[in-house]
Amino acid sequence: MAYWLIKSEPNKYPFSALVTDKNTSWDGVRNFEARNNLRSMKRGDLALFYHSNIGKEFVGVARVTGEARPDPSAPGEDWSVVDFAPVQALTAPVTLAQVRAMPALAEMALLKRSRLSVAPVTASEWKVILAAARTKL
DNA sequence: GCCAACGTTGGC
DNA sequence: GCCAACGTTGGC
């Protein structure tokens, strides 16, 4: 199983909306690398849900429930969506400042590739963040 | 609201 | 194939 991070601006689609919706199609990705990351996701993979711009923190965990398929918001174009369901909110959100402050997270894509909206997370990074979030799955 | 970073586009 | 211009993301 692989780990990922997905970013959303909370004024557009907050984690709470995923909780309400129970399932959502992650559409609108228009970056090749982010799209390729979506295509690498397998059912059952877990993703950290990050609020960009507002909050700037990890707030929850989501699970891949449906693997990549054509993005209906871009008919005829070569983009993909993946389906996610909420797993749980983090007990304590983990802020960008916290991530920056932890040496174990210095290489995270969130920091190194800050403009990439769908990115891989290593198993060790995953562990560190869930510990900081005081969250057990 | 500004601006840095950086991916993409298009002219040559 | 290079590179300048442009658009977008996301932090501040």
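Heavy atoms only: backbone and side chains are in, while hydrogens, waters and symmetry mates are out. Chain letters run A, B, ... following the sequence lines, proteins first and then strands; every chain starts at 1.
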Specify the separation, in whole Å, of atom [atom1] of [X] and atom [atom2] of [N].
X	N	atom1	atom2	result
A:Glu57	C:dG10	CD	P	15 Å
A:Arg100	C:dG10	CZ	C1'	11 Å
A:Arg35	B:dG7	CZ	C1'	14 Å
A:Arg30	C:dG10	CZ	P	15 Å
A:Asn31	C:dG7	CG	P	17 Å
A:Leu96	C:dC12	CG	P	6 Å
A:Asn53	C:dT8	CG	C1'	11 Å
A:Ile54	B:dG1	CD1	P	13 Å

Approximate separation, where rounding is to 0.5 Å, of A:Leu110 CG and A:Arg115 CZ
14.0 Å

Residue pair [X] / [Y], side-chain donor-acceptor N/O under 3.5 Å:
X	Y	value
A:Trp4	A:Asp45	yes
A:Thr95	A:Arg100	no
A:Asp71	A:Ser80	no
A:Asp83	A:Thr24	no

I want to verify a distance call: between C:dC12, B:dT8, C:dG10, whose nearest atom is closest to the A:Phe32 side chain?
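Closest nucleotide to the A:Phe32 side chain: B:dT8.
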
Among C:dG11, C:dG10, B:dT8, the one nearest A:Lys7 by side-chain distance
C:dG10

So does A:Tyr50 get a side-chain nitrogen or oxygen closer than 4.0 Å to the phosphate oxygens (OP1/OP2) of C:dG11?
yes

Whether the side chain of A:Thr20 engages the backbone of A:Leu18 through a donor-acceptor N/O pair (distance < 3.5 Å, no angle test) should be reported.
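Side chain of A:Thr20 to backbone of A:Leu18, a donor-acceptor pair under 3.5 Å: no, none is there.
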
Is A:Thr135 reaching over with its side chain to a backbone N or O of A:Thr91, donor-acceptor style, under 3.5 angstrom?
yes

Please round to 10 degrees the angle between the axis of the first five pairs and the axis of the last five pairs in the helix from B:dG1-C:dC12 to B:dC12-C:dG1.
10°

Distance-only criterion, 3.5 Å: show the donor-acceptor pairs between side-chain atoms of residues 48-61 of chain A and protein atoms not counting sequence neighbours.
residue, atom, partner, partner atom, Å
A:His51, NE2, A:Phe15, N, 3.0
A:Asn53, ND2, A:Glu9, OE1, 3.4
A:Asn53, ND2, A:Glu9, OE2, 3.3

Identify whether the distance between the nearest side-chain nitrogen and carboxylate oxygen of A:Asp78 and A:Arg39 falls below 4.0 Å.
yes

Nucleotides 2-6 of chain B: which of its N/O atoms have a protein N/O under 3.5 Å away?
residue, atom, partner, partner atom, Å
B:dA5, N3, A:Arg115, NE, 3.4
B:dC6, O4', A:Arg115, NH1, 2.9
B:dC6, O2, A:Arg115, NH1, 3.0
B:dC6, O2, A:Arg115, NH2, 3.4

